[in-house]
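Please read these numbers as outputs of a predicted model, since none were measured by experiment. Every chain is numbered from 1 and lettered A, B, ... according to where its sequence line falls, protein lines coming before strand lines. Note that these values count all heavy atoms, side chains included, but never hydrogens, waters or copies made by symmetry.
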Amino acid sequence: MNRPFVHPYIPNTAPDVRAEMLDTVGAASVEDFYADVPADLRLGRDLDLPEPLVAEQDLARHVSGLLARNVPTTERLSFLGQGTYHHHVPAVVDEVIGRSEFLTAYAGEPYEDHGRFQALWQYQSLMGELLSMDVVNVPTYDGFQATATGLAMAGRITGRRRVLVASDVLPAKLSKVRDYVRVHLDLEFVDPVEGTADVAAIVARLGDDVAAIWVETPSRTGAVEHRLQALADAAHAVGAILVVGTDPVGYGVLTPPAEQGADIVCGDIQSLGLHQWYGGAHGGFIAVHDDPRFVMEMPSRLFGLATTDVPGEVGFGDVAYDRTSFAHREEGKEWVGTAAALWGIAAGVHLALMGPQGMRELGEVLLARTAYAQRALGAIPGIRLTDRAVHLREFAIDVAGAGLTASGIVTALRAEGIEPGVPAGEHELVVCVTETTSQADIDRLAAAVTGLVAASAAEAASTLDPIAEPEEHRA
Amino acid sequence: MNRPFVHPYIPNTAPDVRAEMLDTVGAASVEDFYADVPADLRLGRDLDLPEPLVAEQDLARHVSGLLARNVPTTERLSFLGQGTYHHHVPAVVDEVIGRSEFLTAYAGEPYEDHGRFQALWQYQSLMGELLSMDVVNVPTYDGFQATATGLAMAGRITGRRRVLVASDVLPAKLSKVRDYVRVHLDLEFVDPVEGTADVAAIVARLGDDVAAIWVETPSRTGAVEHRLQALADAAHAVGAILVVGTDPVGYGVLTPPAEQGADIVCGDIQSLGLHQWYGGAHGGFIAVHDDPRFVMEMPSRLFGLATTDVPGEVGFGDVAYDRTSFAHREEGKEWVGTAAALWGIAAGVHLALMGPQGMRELGEVLLARTAYAQRALGAIPGIRLTDRAVHLREFAIDVAGAGLTASGIVTALRAEGIEPGVPAGEHELVVCVTETTSQADIDRLAAAVTGLVAASAAEAASTLDPIAEPEEHRA
Amino acid sequence: WDEPVIFELSTPGERGVLVTSIEPGVRDAVGDVVAALPDGLARQAAPALPEMGQMRVLKHYLRLSQENLGADFNVDVGQGTCTMKYAPKVNERLIATPKLSAMHPLQDPADAQGALEIIWRTERMLAEISGMDEVSLHTQGGSAAIWANIAMIRAYHEANGDGEQRREVITTIFSHPSNAAAAKAAGYDVITLHPDADGYPDLAALKRALSPRTAAIMVTNPEDTGIYNPAIREWVDAAHAVGALASYDQANANGILGITRARDAGFDVCHFNVHKTFGTPHGSGGPGTGANAVSAALAPFLPGPRVVREGDRYEVREAGPQSIGAIGPFHGVVPNIVRAYAWMMALGAEGLRAVAETAVLNNNYLMKRILEIPGASAPYATGRRRIEQVRYSWQELFEETGITSEEIGIRASDFGMHYWTSHHPYVVPQPFTLEPTESYSKAELDEYADVLAEIAREARETPEVVRTAPHHQTVHHTHHDDLDDPERWAVTWRAYRRKYPQAVGA
Amino acid sequence: WDEPVIFELSTPGERGVLVTSIEPGVRDAVGDVVAALPDGLARQAAPALPEMGQMRVLKHYLRLSQENLGADFNVDVGQGTCTMKYAPKVNERLIATPKLSAMHPLQDPADAQGALEIIWRTERMLAEISGMDEVSLHTQGGSAAIWANIAMIRAYHEANGDGEQRREVITTIFSHPSNAAAAKAAGYDVITLHPDADGYPDLAALKRALSPRTAAIMVTNPEDTGIYNPAIREWVDAAHAVGALASYDQANANGILGITRARDAGFDVCHFNVHKTFGTPHGSGGPGTGANAVSAALAPFLPGPRVVREGDRYEVREAGPQSIGAIGPFHGVVPNIVRAYAWMMALGAEGLRAVAETAVLNNNYLMKRILEIPGASAPYATGRRRIEQVRYSWQELFEETGITSEEIGIRASDFGMHYWTSHHPYVVPQPFTLEPTESYSKAELDEYADVLAEIAREARETPEVVRTAPHHQTVHHTHHDDLDDPERWAVTWRAYRRKYPQAVGA
């Protein structure tokens, strides 16, 4: 078609206006504006891209058609976790973060963006209550980044390099943290015992060259650390810092790490009001006590409350902006950029809706369903729980005794519409339950696994010597 | 459970507050407030309702589970129309009417609800441009009501009872109109010829006791009336009123009835930016010229623009509020109540987005696709178009010649995921295409119908005398 | 914002959304369809719609939205009779699926089992709530349901051969005006009864008005005063005694859910404003949803189509021979039906009763707070409790200060509060009607009462502030007289340009 | 609105949302799980979160939203460097489906073909747009992508045995601060180059700074001044000549889409701020999305996991041995990736070029309008065109009136306009940076320029009005000094209560 290209997203493609504007600035064509781009760098052809779908209806049909090829967890029975969790998101959360005012804002100032400042300050405050800490950042990207930065902070504060890693850490998270801090810190791993920290072994390795003990709770397998205070005391005795990576979802019922001596508490807020989004909706929090030594090492923005010219009125602004790379480039602490503010607003709304009672009930449901699922699966012959710690939401089973592999279970159960968990090694399967996983769902998983175990046993029997091994020996 | 019933929707179920309020008003319990309700009328038991799902996540799972049993037209190839149409709804339309400010407002005054008044006044104005008329109402329920009221207005204006019905009318619409006006008006049917009005027959029956000629365009079968001016002239010659029921979707390219002499133009706005909603999203417009004889007979609210204390500023308010039943109960014109304001806002946004060029292109696409579908189906042996009128969006085919029934086609094609149209009588099938129906979609329907015809022919042949009838005789 | 009328934002050539193209294959087959139109059918001058980029249209309407005070934003107790309550956001999320919005009403019922089951279940729940036998959700709003009530009554009497004889409908002045208006539209003469001195419906007056000419009584209870008619059964009995039917406008049902039921008082037919009592958003004035509930005797007259259950399947049944037929298209306002279903399922029997009891508690609490304001009064039924709302009066304040209820309402908007002044006919002088529903906390009710108290104080001390309101709105005191003059009213931009050429030319 | 801090709205006992109950069967099996917790693990005092009904929480946040000026509401050209453009609403609708939001990243890839294909296709389009060989959308924002750039560069040099030797990164003062900051975080010494007198990057200075110690140059082009470095290929060649890599921050790509490409100038690695250039909403400051595009030599170092195409299927491949590994969880900010995909598909090659050309036209048009305002200037490159933005200066106005750029920005908010004053370091005095993008019409650009002209007039004629702004905001001049004092700052309500007990007690 020869008609001019006019696009709804680009008002000044309207030909008359375009000509008028060129005329106003005295340009013959838009080519004039590119005078500084050397001819040999000019592309000189159209980009080789798919045919566009300029009519909205055609675009919608195309994209929806692609997405229709996804089969979401609403149509599968999912026991997947390992960093992204399926929690219920109250509708009010989505309503608030879907508001154009929040969704499309960016970096406005405290006056015209008063609402954004207040919403994020409230997020900080609500998280502060949940975590019993006085300082919480505007969210960074995710729990990976938050923990990497938390450790880096510990390094800067102490001027030391050694970090004792007390817990099982999610492999991807460890990958991130390791690459992020390796110039500044050395990670040393102290194997956990029964899912939680080997306090004695850690104490034995502590010294005045240790920057931090790093605890993850819940750990990679969902184990809840129950000896934080001992670790904190030991760390503090040598001037080291206790950095706790955690998921805040349990602190309606669990004691927050700050009340057990943690100095830096960090983690991910995806569990607090964010959908799974194929792993694409994470935000990182870093919480510290109100101690300038710690606060001044935080790279993220921190919003603060302040008085105004009107008595009794409160306004908001940036706390200690000079910490940041916005202010001082490489002299700032790490860097700050577009991260996850909207998710922070979401988490704030979520906590406001849940209230103390809701968070308590949620914590209880999670503990109860986890324990129930552990019993249901652990009771299957040949399957055992990998440890005896308290678990929140996730736990691992070892399926070797049933003659199965973790990936074999996954493959078999996917055919039944079940995602039974995430394999970790040949025989370990990490299973996740949340408040959206009902008793019936867990029972269905247990039945399906029982079926596999039985089939495996039958197959084993058929390939064994006619006189089968006694059952007892195989458990 | 014995704990008090506290519900998120009802803040004052919180026990302490509840007790405090009862105390303040000096009531022993809420029973005090029902002193006027006689004991023998008291229910005295709980309502027998399903167990509630007070946790939002449980409610969502239940309702979504029910809705998951629906298979929408995005997963079927639909040629269904007959009152509800599948047009593309631009996302901005949904965004605007999803705004809490519009969605949850009701009957506020022009000051605090300035936005609602302006948005609806703009809807009236945009419809006015599309229809070339100066007065358009705040939407009534739907096109059925709009047309019933349009005819009732004609009766009141002329003081006459006879109405000549010139077109094929949708049966449900006719049912509504007939029951609505039967105390005041007598409907007389003048059969159309080749889909459109039999002008000569109508003229022959006109007289000074005729209140109105009622034309539907597009008609029940999508036929576009092309002799409106002649009907208008004839009606006006005897003091009768030309009432045109229509769908506004075509007036980017078709001449609006007002420019061909129509006095009252009415219909449904579902085609202008509303989803199908299982038939649950309709709004009725009634448009007249700026003549107080007509305006004062309109029962709906009419918003008008007015000056304010600030020079140059415009405000809004109700035009001639004293017409309405709000003001004068049974002395008002018919009645007015909660109708379809939000859909009016939607239609306004839609027209603003489409603009003159968009409405023109849409009209062209509809005419072209309709004509294409007519050709594709009409070319199938044994199938013929029921008339030779210009059609917009819908048309009827007669399938008798192919040895098929309309319902038989529907049943057969549903098995292939196709809704081929709506049966109207044994052999007539009304087929609908819109801008969302692509050429490929139409071709698929034609191929499927061709297959049925061939199968029918084969079956007929196999049950016939071994010497089959020549093909020519059966076309 | 000072957002202009949209037509002033047009720039030639801009586009808001593009339409899909006609495929070459279609174009080749059909040619130029516009050129081929019969004489006169092709539009000559394009409609003068604005030409705007998509973002500018969006910005315009988003700004307008911010100039609107939705119920989500204020303590919306000032729209008495409207039952402004929380419309839960989860319901908006639940309906926002193609599995509802992209359903066509004539699809194979096998493909619509979810929608049909929800309609059916909602009807059954409303049958239990009303005590009636059958329910239809076919109508599009409360007044449409009132129309259906009278249309069924008319058909019933006609079916019994009484159509010619029964030409009168009796209602009360504090029942919704649509009862009178719809009866009139159906061809009936309307008799309107006024209350007794205490504001209670006057049974003696009813008995005087009833006769063999009476087709029906059509009453609300509690009435818009919040007063429950304790003799309601006697009213119904008296109507039945002359062969008339009794029709119950349950627009004000919010305070009596689970407490007392229409059928228990003997009514033959009733309706609910589903969008009010059952928590669907009010949509700036619709779409609403009506529910018609009837006794078995009236069931054959219900509008159609109906949803029926057959075994564990749900089917659509066309209206039967005695049905009044379609009132509107298909199954009514389906998105609202699903919302109402979800609302009821979130509450259950205990929750619905908590709704009623809390609405009534809130109302009586607010009444106490309002009556503490000098100049405010609650006419009728002095010293008695009310059900879910109260029609108050500023008559004393008006006599003292000359400030009208309407002026107070406009001033209230400066405090971010709704307050509805239209309570035609003004039987109660300087009226205002507050209905707090169950959705507001004590703190919010206190906030509302404080605002009215403050305005009443202003009316005495600085009346000009009230009289010249609004002061904090995007628009200022508007000259509404223009709107009653055919020479000056402007219902569309077209008309405005014609009547005010100098204003538009500016 | 004058909406309080949320903690002040709490009423004991109210609930915002209820949690599902523990089934009796579960409770029977596991008992009281809280009581069974090890010593010290059960929280003693409940967190002091507010207790609020659902509607009150909603109302609170809706009111806060109205106190926020989203990009949809204003002519958002004042946030230079941020590429504020229209984020199409259709994309919000498209992603709002459980088929995306309810996907778990570890599901069977066979169940995630739609998501994987969109990621793959988006990467391929960005490869074409940048000219690079491979693209990863794994990172969560622009600065995260910058981190990935330097992490890949570090890994590359280490793989080549150069890790110890190459300890320096060179950047320019008008490149985004994160280039310097991320390099520092990765352990590099940072050398920052200043422009020549005309504002053009100084090639001679670069050559002086380059050495065998140089790991990389990390530059933006056009820089935040809107000036395109015409010698960019010489810069890259000079870096390569000493064995350094060249990293291109394409945050400012909006004006050169389809005009010139990173790889064509010889860059080894580049990144896009997908949320800026490719039209995703900015979310009040995130989530963003970064794209890292690299030459084949750098491809093994890309972060993981990666999406790969195998035949007509899409699979997930874990990061390879040379990869820098995960930067964040899984596949990055998937909703933004789908939005960006839809945005690109709505435009195509012709559309992207129209984006660039129109953004540049708008910028040069606005520059003409701004330079007509007395007191405003555009330092550097006098008389030349700019690409997509300009860093202006109010220095003349400041010298004349004492009004600062920050004061003008605050006053602009009274006119409903954003204007960002943070352009550290203040190399340009009294800076303001305007980037009009392609999304605004001429009328809107004129409106914006008129506002600045009006404020400049005020600065001369009624400077107090400017100095005491804001006047029309919900909040007034705020004492930001409090926020730099550890004794007075209050990052949470907890801290506020502790530090200001008298204020909270009120």
### Message
Tell me whether R233(C) is salt-bridged to D40(B), with the criterion being a basic N under 4.0 Å from an acidic carboxylate O.
### Response
yes
### Message
For chain C, which candidate among H184(B), H114(B), E435(B) shows the most heavy-atom pairs at distances under 4.5 Å?
### Response
H114(B)
### Message
I'd like to know if the side chain of T104(B) reaches the main chain of P281(C), judged simply by a donor and an acceptor atom lying under 3.5 Å from each other, with no hydrogens or angles considered.
### Response
no
### Proximal component of F144(B), with respect to chain C [non-hydrogen, under 4.5 Å]
side chain
### Query
Salt bridge or not for D134(B) and R498(C), using N-O below 4.0 Å?
yes
### Task
Check each atom of D142(B) against the heavy atoms of chain C and say whether the ones under 4.5 Å are side chain, backbone, both or neither.
side chain
### Task
Taking only Lys NZ, Arg NE, NH1 and NH2, and the carboxylate oxygens of Asp or Glu, determine whether D111(C) and R69(B) approach each other closer than 4.0 Å.
no
### Message
Strictly distance-based, threshold 3.5 Å: is any side-chain N or O of E67(C) a donor or acceptor partner for the main-chain N or O of E112(B)?
### Response
no
### Query
Side chain, backbone, both or neither: which part of V390(B) has an atom under 4.5 Å from a heavy atom of chain C?
side chain
### Donor-acceptor contact present, side-chain S175(B) to main-chain A326(C), <3.5 Å
yes
### Task
Keeping the roles fixed (side chain from Q79(C), backbone from A107(B)), state whether a donor-acceptor pair exists under 3.5 Å.
yes
### Task
Could you tell me which portion of H7(B) (side chain, backbone, both or neither) has an atom closer than 4.5 angstrom to a non-hydrogen atom of chain C?
side chain
### Plane angle bin for Y106(B) and H275(C) - parallel if under 30°, tilted between 30 and 60°, otherwise perpendicular
perpendicular
### Ionic contact status for E334(B) with K184(C), cut-off 4.0 Å
no
### Query
Where on L58(C) is there a heavy atom nearer than 4.5 Å to chain B: the side chain, the backbone, both, or neither?
both
### Message
Under a 4.0 Å threshold between the charged nitrogen and the carboxylate oxygen, would R93(C) count as salt-bridged to E56(B)?
### Response
no
### Task
Verify, without hydrogens or angle tests, whether E128(C) (side chain) and L47(B) (backbone) share a donor-acceptor contact under 3.5 angstrom.
no
### Query
Parallel under 30°, tilted from 30 to 60°, perpendicular over 60°: which one fits the rings of Y9(B) and Y86(C)?
perpendicular
### Query
Can you tell me if Q107(C) uses its side chain to pair, donor with acceptor, with the backbone of V71(B) under 3.5 Å?
yes
